[in-house]
Amino acid sequence: MNNRGVKASPTDIAAFLAIMLMPWQARWIFAYHELAGQRYEYGVYSVYAASIVLIIACFFVLRREPLKFSFPMKVFLGWLVINLAIAAEFGVALWYLVTGILAFGYYVVASRWERRKVMLSIVAAGLLQAVFAWWQFIGQGIMASTFLGVAEHLPRVLGQSVVVVHGLRTLRAYGLLPHPNMLGGLLLISFALLLYLYARQYERRNFEKQRALWAAYVAGCLLLFSGILITFSKAAILGVGIFFIGWVTDAIVRRRKEILKPFGEVAFSAALLFIVFNMIAAGAWTERFGLHFGTSAQSSEQIRLEQKSADERIADYHMAQVLLNVRTLVVGVGLGNYIPRLAQAFPALAAFQYQPVHNIFAMAVLEIGVVGLIFFLWWIVWLLKGALLRFREYDQQYLFSLIVLLLLLGMVDHYLWTSYFGQSLWWAVIGLAVGKRELT
């Protein structure tokens, strides 16, 4: 199918902007929920500018195909209503429910828009964030901006996400997101999607007479991968490794040379880029994984930072155990109520010391209970049932692998559950996997 000369419709424009602006954190903050008189990030009541664009996009796509309320969806929503009733902080729980419904709008758009356009929109979002990331990394500073929705980040300020390079505190790249790990997750999904589109173009031999197009795809893949490198997100880089190992192994076993060659080219280039970057950064990446060479001050400081991070995550699990009882396991403490309940159990801490557990399944059980998690998974499986029936198709297997990547990220971080952006990314990928329209 040739789309040349076809004008973009209002639906296309709205849907593209909604997905491409997903990482944009500009928002209107209209209230705070405080802990002992202190503000905390997970108690902010705000409206994101990108949400307005998303609502407009949903309006256009729902005119084509209305949303059907399935039985599993009704059961899960009914459970969330019960969850609201048992939440100690009703206002917090209600607001988390509202933002969760807004984030579901990305599923609505991604599942009803042309699949290739959804992919390109997510890739565009990743490429734009990679450019922002390099600008921040080179300048080693992020200035606060209400329009961009970013706070100030400087490497010399304690509490910032940094690594040690050549003995100096070096700011990790944030993009327009609140944390480098969140940027790493977006870039990982964008990288995987662009690699898929590259392989499809390669398979159709579209590069034989269009070397500039080939160069653009490869450059885009390497830009996204380099963006992951400067986030210093261990989960994201491990995701890249798992992704390549899985798909290259599959291509070898199935003897799919048309897939193996483009994947092999990008994998080799990415590995070379990783080695060169790590050498220039004096082993900063290998030190992230505990591989220390020499006895430099850099190594000792990086060891301290890594140990501090590990200790804090372990402490978060230990603190969560205090809230665990039969009632919490069954029904949870309420959406968004984990941090307020934690503050009640440990009243002497500062607001920033109350953090979610770095595991989306643990957070789901803590806030909506085992019953709520079962209902949620039932609903997800129902949404994916059509895609599961088409699982033998290569496209579906590839898209399901992206869901697996997100689940792996969710095992070591919490933003897919606790943040509006994380929920939005999750629903966009689920919607992409469900979409029935063929790639063109």
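All values reported here derive from a predicted model rather than from experimental measurement.
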Any donor-acceptor pair under 3.5 Å from [X] side chain to [Y] backbone:
{"X": "Arg112", "Y": "Glu65", "value": "yes"}
{"X": "Gln136", "Y": "Gly141", "value": "no"}
{"X": "Asn181", "Y": "Ala235", "value": "no"}
{"X": "Glu306", "Y": "Phe289", "value": "no"}
{"X": "His166", "Y": "Ile280", "value": "yes"}
{"X": "Thr418", "Y": "Leu416", "value": "no"}
{"X": "Tyr174", "Y": "Ser161", "value": "yes"}
{"X": "Glu367", "Y": "Gly336", "value": "yes"}
{"X": "Tyr354", "Y": "Tyr40", "value": "no"}
{"X": "Ser190", "Y": "Leu187", "value": "no"}

Nearest 0.5 Å please: distance from the [atom1] atom of [X] over to the [atom2] atom of [Y].
{"X": "Tyr96", "Y": "Ile101", "atom1": "OH", "atom2": "CD1", "answer": "15.0 Å"}
{"X": "Leu177", "Y": "Trp24", "atom1": "CG", "atom2": "CH2", "answer": "13.5 Å"}
{"X": "Leu238", "Y": "Leu405", "atom1": "CG", "atom2": "CG", "answer": "11.0 Å"}
{"X": "Leu127", "Y": "Leu224", "atom1": "CG", "atom2": "CG", "answer": "4.5 Å"}
{"X": "Leu176", "Y": "Gln129", "atom1": "CG", "atom2": "CD", "answer": "4.0 Å"}

Verdict with supporting geometry, Ser269 and Leu222, side-chain contact (heavy atoms from CB on, under 4.5 Å)
CA-CA 8 Å; Ser269 300; Leu222 294 182; 3.8 Å; yes
Taking the six-membered ring for Trp, are [X] and [Y] ring centroids under 6.0 Å apart?
{"X": "Phe225", "Y": "Phe277", "answer": "no"}
{"X": "Tyr415", "Y": "His179", "answer": "no"}
{"X": "Trp417", "Y": "Tyr42", "answer": "no"}
{"X": "Phe71", "Y": "Trp378", "answer": "yes"}
{"X": "Phe391", "Y": "Phe400", "answer": "yes"}
{"X": "Phe30", "Y": "Trp28", "answer": "yes"}
{"X": "Tyr398", "Y": "Trp247", "answer": "yes"}

Applying ring pair (Phe, Tyr, Trp, His ring centres under 6.0 Å) to Phe104 and Tyr107, what does each step give before you reach the verdict?
CA-CA 5 Å; Phe104 180 70; Tyr107 169 86; 5.1 Å; yes
Could you check whether Arg313 and Tyr317, counting side-chain N and O atoms only, form a donor-acceptor pair closer than 3.5 Å?
no
Do Thr11 and Trp113 have a side chain donor and acceptor closer than 3.5 Å?
no
Is the number of heavy atoms from other residues, nucleotides or ligands under 6.0 Å of Met411 CE greater than 12?
no
Sidechain N-carboxylate O distance under 4.0 Å for Lys234, Asp413:
no
Let me see the working for Phe244 and Phe191 under ring pair (Phe, Tyr, Trp, His ring centres under 6.0 Å), right down to the final yes or no.
CA-CA 11 Å; Phe244 271 126; Phe191 174 77; 5.8 Å; yes
In the structure I gave you, are the side-chain heavy atoms of [X] and [Y] within less than 4.5 Å of one another anywhere?
{"X": "Leu335", "Y": "Leu80", "value": "yes"}
{"X": "Leu342", "Y": "Tyr338", "value": "yes"}
{"X": "Asn359", "Y": "Asp316", "value": "no"}
{"X": "Leu407", "Y": "Phe361", "value": "yes"}
{"X": "Val404", "Y": "Ile242", "value": "no"}
{"X": "Ile52", "Y": "Leu54", "value": "no"}
{"X": "Phe137", "Y": "Leu171", "value": "no"}
{"X": "Phe76", "Y": "Met73", "value": "no"}

Any idea which heavy atoms bring [X] and [Y] closest together, and the distance?
{"X": "Ser121", "Y": "Ile19", "answer": "CB-CG2, 3.6 Å"}
{"X": "Ala284", "Y": "Asn278", "answer": "N-OD1, 3.5 Å"}
{"X": "Asn83", "Y": "Ile368", "answer": "ND2-CA, 3.7 Å"}

Can you check side-chain contact (heavy atoms from CB on, under 4.5 Å) on Leu425 and Tyr106, steps first, answer last?
CA-CA 8 Å; Leu425 181 62; Tyr106 284 98; over 6 Å; no
Can you check side-chain contact (heavy atoms from CB on, under 4.5 Å) on Tyr420 and Tyr48, steps first, answer last?
CA-CA 9 Å; Tyr420 175 68; Tyr48 288 90; 3.6 Å; yes
Assess the residue pair Arg200 and Asp395 against the criterion (salt bridge (Lys or Arg N to Asp or Glu O under 4.0 Å)); give the C-alpha distance rounded to whole Å, side-chain angles, the decisive distance to 0.1 Å, and a yes or no.
CA-CA 10 Å; Arg200 287 295 299 260; Asp395 292 348; 3.1 Å; yes
Taking the six-membered ring of Phe232 as reference, does the NZ or CZ atom of Arg172 fall below 6.0 Å from its centre and within a 45° cone about the axis?
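Arg172 over Phe232 ring: no.
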Checking side-chain contact (heavy atoms from CB on, under 4.5 Å) for the pair Arg169/Arg156: CA distance, chi angles, key distance, verdict?
CA-CA 7 Å; Arg169 286 170 59 91; Arg156 65 177 179 272; 5.6 Å; no
